[in-house]
Amino acid sequence: MSAAPRILIWNEFWHERNNPVVGRIYPDGIHTALADALGTHGFEDIRTATLDQPEHGLTEEALESTDVLLWWGHKKHGEVSDAVAERVQARVLAGMGLVVLHSGHFSKPFKRLTGTACTVNWREDGERERIWVIAPEHPIAAGLDRYFELEKEEMYGEPFEVPAPDELVFLSWFKGGEVFRSGCCYTRGRGRIFYFRPGHETFPTYHDATVQKVIANGIRWAAPTLQIRERPANVNRRPIEAID
Ligand code: ZN
């Protein structure tokens, strides 16, 4: 199953159509740029969905045919319906992988799944980000050097109000001085969640080959190894032997 995960890339798709700077970098949307990039990494089953579609493109049927969901959102987190956010959460608990990108840290599904505020410090000055690989043995770090850099990025700084990650793969340093936990791995229920920080919309981050490699690695890591299915609810069991 993990050899060929069925990928669904979800994007708010608002900035690209409302900010000319973003529209020039991602003329067909961040979701399309990611889909094209992932196609060069050996993935074949790649679909996209956006906020404006019915049920945001995240119908029961769409999620049932998804092994790993990618999520990019920013300004319109509040417009994602609670019902859809709950559906995504349930699907993750049942085993679907979730790769949360950049400002998706503040999305309804990620906040529901972590149970925390998910707030950060931030600064939008376009400064150098050095992303340190602090778990080189981790599958998400496969093929990477000790660190990689993005010349211009938005800064996210600690404290990042999330639960301590099960595994921390990347730690970012920013020119302005802050640090940030940029590659956080969680398990919730049967599902794996990878949060990856870079990807501010006014910089060409998702055209960066190393960033694309990390996302591809993250998808392979998050892909379910078991059949995706919900656990039964509380079950009242009879004893196997008589208890007396
Ligand atoms: Zn941003």
Side-chain angles (χ1 to χ4, degrees), residues 9-35 37-38 48-52 56 69-80 85 88 98-114 116-132 148-162 165 168-184 193-215 218:
I9 304 169
W10 190 88
N11 181 20
E12 194 173 276
F13 196 29
W14 184 85
H15 298 77
E16 299 95 323
R17 294 180 296 164
N18 291 276
N19 180 342
V21 173
V22 184
R24 276 194 291 277
I25 300 172
Y26 301 111
D28 300 312
I30 286 172
H31 53 299
T32 306
L34 287 171
L38 291 171
T48 63
T50 57
L51 179 69
D52 289 347
H56 317 317
L69 175 67
L70 275 64
W71 192 283
W72 195 100
H74 181 218
K75 269 225 167 28
K76 303 290 180 183
H77 292 317
E79 292 185 16
V80 173
V88 169
L98 178 65
V99 176
V100 178
L101 298 169
H102 186 56
S103 41
H105 74 88
F106 216 52
S107 63
K108 285 186 180 180
F110 190 63
K111 288 205 278 191
R112 279 172 175 267
L113 284 158
T114 58
T116 51
C118 299
T119 47
V120 302
N121 290 303
W122 60 279
R123 175 173 59 243
E124 209 183 306
D125 283 1
E127 62 200 91
R128 181 181 304 155
E129 176 176 10
R130 182 173 296 142
I131 301 165
W132 285 93
F148 60 99
E149 292 185 344
L150 298 167
E151 273 312 305
K152 285 190 187 301
E153 251 296 348
E154 179 182 19
M155 184 281 292
Y156 279 6
E158 297 283 345
F160 184 16
E161 293 289 343
V162 286
L168 184 57
V169 186
F170 302 120
L171 183 67
S172 283
W173 165 90
F174 293 88
K175 190 81 195 296
E178 285 85 353
V179 297
F180 191 78
R181 289 169 288 171
S182 277
C184 302
I193 302 166
F194 174 52
Y195 172 76
F196 185 46
R197 194 218 77 86
H200 186 66
E201 67 274 6
T202 59
F203 307 116
T205 299
Y206 295 123
H207 295 307
D208 182 275
T210 308
V211 167
Q212 294 171 1
K213 179 183 285 189
V214 170
I215 294 171

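Order of listing sets the numbers, starting from 1, for every ligand and every atom in it.
Tyr156 and His102 have parallel rings, their planes meeting at less than 30° on a 0 to 90° scale where 60° marks the start of perpendicular. Classified by interplanar angle (parallel below 30°, tilted 30° to 60°, perpendicular above 60°), the ring pair His15/His74 is parallel.
The atom of Glu154 nearest to the Zn ion (ligand 1) is OE1, with the search restricted to N, O or S atoms.
Each of Val80, Leu101, Asn11 was checked for a side-chain contact (heavy atoms from CB on, under 4.5 Å) with Trp71, and the lone residue meeting it is Val80.
For the Zn ion (ligand 1), the N/O/S atoms of Glu201 include none lying under 2.8 Å. In summary, His200 places an N/O/S atom under 2.8 Å from the Zn ion (ligand 1), meeting the contact criterion.
Taking CZ of Phe180 as the start and CD of Glu153 as the end, the distance is 11.5 Å to the nearest 0.5 Å.
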